[in-house]
2 protein chains.
Amino acid sequence: MTTRAGRPRRRNQVLSREQIIDTAVAMLDAGGESALTIRALTERLSTGSGAIYYHVGTRDELLDTATETVIGAALTTRPAGSAAAPAGEIRVVALALFDAIAAHPWLATRLTLQIVRNPVGPVTVGIFERIGGQMDALGVPRASWFDAASTLVHYILGAVSQNARIEGDTSGIDPAGDRDAFVDEASAAWQGLDPEAYPFMHAVVGQLREHDDREQFLTGIAVILDGLARLR
Amino acid sequence: MTTRAGRPRRRNQVLSREQIIDTAVAMLDAGGESALTIRALTERLSTGSGAIYYHVGTRDELLDTATETVIGAALTTRPAGSAAAPAGEIRVVALALFDAIAAHPWLATRLTLQIVRNPVGPVTVGIFERIGGQMDALGVPRASWFDAASTLVHYILGAVSQNARIEGDTSGIDPAGDRDAFVDEASAAWQGLDPEAYPFMHAVVGQLREHDDREQFLTGIAVILDGLARLR
DNA sequence: CCACGTTTGGTACAACGATCCAAGTTGGTG
DNA sequence: CACCAACTTGGATCGTTGTACCAAACGTGG
């Protein structure tokens, strides 16, 4: 019970970097990106802004770090347990990202922002390596590996970002109710469109009501895998 | 040359809504999202903030409106000239969006933000209708229309957003030089990764150097169309 | 010519991110 | 045991932002 440090706690460390990041993620989850202010963070941690900047730097760097932390954790799911089929491995990674963004909707914009500004960071590289590593076993010719992996990554990140939902308040105890209300509103809006200008939207409004986001997401992956199979 | 109004200019109208939006888009193109401040906008238009809020509302609404304007303009390319092949029509729409985001990089985050917050708006509906309208001619079974169109839209918007490039300053007279420098930096970073932990990144670093964004984007669409052909 | 709704320019305020600094804390050293 | 130096912390401060609000200017219909 003494202060013997299992981890290399160097000198006086009342506040840790991980603590700040975890709190930031919690605040982002609770109220979205606008809820993470330096002031609110210092108040919740009972500290000053100096400590925050000392440990994690600027607010933008904190958001990047939070993104890397969450995505990194999501990517550690099933670190190649028993060698599964390559298609299955891709599905596992894709669903891990899908669930991560469902739990942390603020990732929707932050993820693309990070990919655009820093395509060399651990987020992009980690996802790409994990997906691309299956190209060989998938039978994709070596010359098309980059194109094939890019197609999958673009689809996965696009679908995952666009499926994010932003709830206005934290009173949403029933997530299914939120989703139903959202689908109701969307289908009502689609139905109200001009049928002659938007024939397709009217044709599929029924499928909108019945579809399952997760299933549709996996269907898209299956479609792309089918398409990739023709590349050989 | 008198003040005879061709369009219904109602009363005293020194400042028009379109003027504000066009100026906002120009400022966004020049310096990114952070460059569009109400103050800078009022200064450039030689007016006050009251006029801005009267015409276009809050800053967030202005950004949404700017997004709708740019995307709407991009979607009017080839409003069904001569009935082309459905795959060609999809390519036209996809490339229009690709070029739009290349010309306006700030769309990368704003587009997903708008889709997430308002999936019923003209942006989402316009893209969806334009892509989905080709499902019938493409031979996709009616029951899969929604899934198929969603797959395409998710891929297109994902790829297009992730391909956006944000330049730091406006001194980039040579866009090709910017791109080469970017690819050089990225490939150097990929090369510097641990080859055992990231074998795939090392395997495709050569393809990264040689690839063309636009071609790769179209390859992905072709892959998905191939996959959709198997749905029948 | 008057009156009233429309449009405009500017002021004011609260909140934000970031910088800076002085005080506090701790482990090692003599 | 005393002391120093580096590390860590909390808060005060500054410049900037979005936006609510208001009074004057404007022009059109009566």
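Basis for what follows: all heavy atoms, side chains included, without hydrogens, waters or symmetry-related copies. Proteins get letters first, then strands, A, B, ... in listed order; numbering begins at 1 in each. Computed from a predicted model, the values in this text were never measured in an experiment.
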Minimum-distance nucleotide to B:Arg59 side chain [options: C:dG17, D:dG18, D:dT9]: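 The listed nucleotide nearest to B:Arg59's side chain is D:dG18.
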Nearest atoms (heavy-atom pairs only) where [X] meets [Y]:
X: A:Ala74; Y: A:Ala96; result: O-CB, 3.5 Å
X: A:Ala35; Y: A:Met27; result: O-CE, 3.6 Å
X: A:Ile20; Y: A:Ala51; result: CD1-O, 4.4 Å

Test item: B:Val160 and A:His154 side chains (from C-beta on) under 4.5 Å apart, heavy atoms: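 Of all side-chain heavy-atom pairs linking A:His154 with B:Val160, none is under 4.5 Å.
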For atom [atom1] of [X] and atom [atom2] of [N], their distance in whole Å:
X: B:Leu62; N: D:dT17; atom1: CG; atom2: C1'; answer: 15 Å
X: A:Glu61; N: C:dG17; atom1: CD; atom2: C1'; answer: 13 Å
X: B:Arg17; N: C:dT8; atom1: CZ; atom2: C1'; answer: 18 Å
X: A:Glu43; N: C:dG17; atom1: CD; atom2: C1'; answer: 16 Å
X: A:Leu45; N: D:dT9; atom1: CG; atom2: C1'; answer: 12 Å

Name of the residue among A:Val153, A:Thr124, A:Ile127 meeting side-chain contact (heavy atoms from CB on, under 4.5 Å) with A:Ile115: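 Of A:Val153, A:Thr124, A:Ile127, side-chain contact (heavy atoms from CB on, under 4.5 Å) with A:Ile115 is met by A:Thr124 alone.
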Ring geometry between B:Phe128 and A:Trp190 (parallel below 30°, tilted from 30 to 60°, perpendicular above 60°):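 Because their plane-to-plane angle lies in the 30° to 60° range, the rings of A:Trp190 and B:Phe128 count as tilted.
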Residue pairs passing the salt bridge (charged side-chain N to carboxylate O under 4.0 Å, His left out) test where at least one lies in residues 44-67 of chain A, sequence neighbours excluded: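 Non-adjacent pairs meeting salt bridge (charged side-chain N to carboxylate O under 4.0 Å, His left out): A:Glu33-A:Arg59, A:Asp60-A:Arg110, A:Asp60-A:Arg117, A:Asp64-A:Arg110, A:Asp64-A:Arg117.
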Proximity to DNA chain C (any heavy atom under 4.0 Å), residues of residues 33-42 of chain A only: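 When residues 33-42 of chain A is checked for heavy atoms under 4.0 Å from DNA chain C, the hits, listed by number, are A:Leu36, A:Thr37, A:Ile38, A:Arg39.
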Nearest-0.5 Å distance, CD of residue B:Gln191 to CG of residue B:Leu208: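 It is 10.0 Å, given to the nearest 0.5 Å.
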Would you list the protein and nucleotides 19-21 of chain C atom pairs, both N or O, that sit under 3.5 Å from each other?
unit_1	atom_1	unit_2	atom_2	d
C:dT19	O4	A:Ser49	OG	3.1

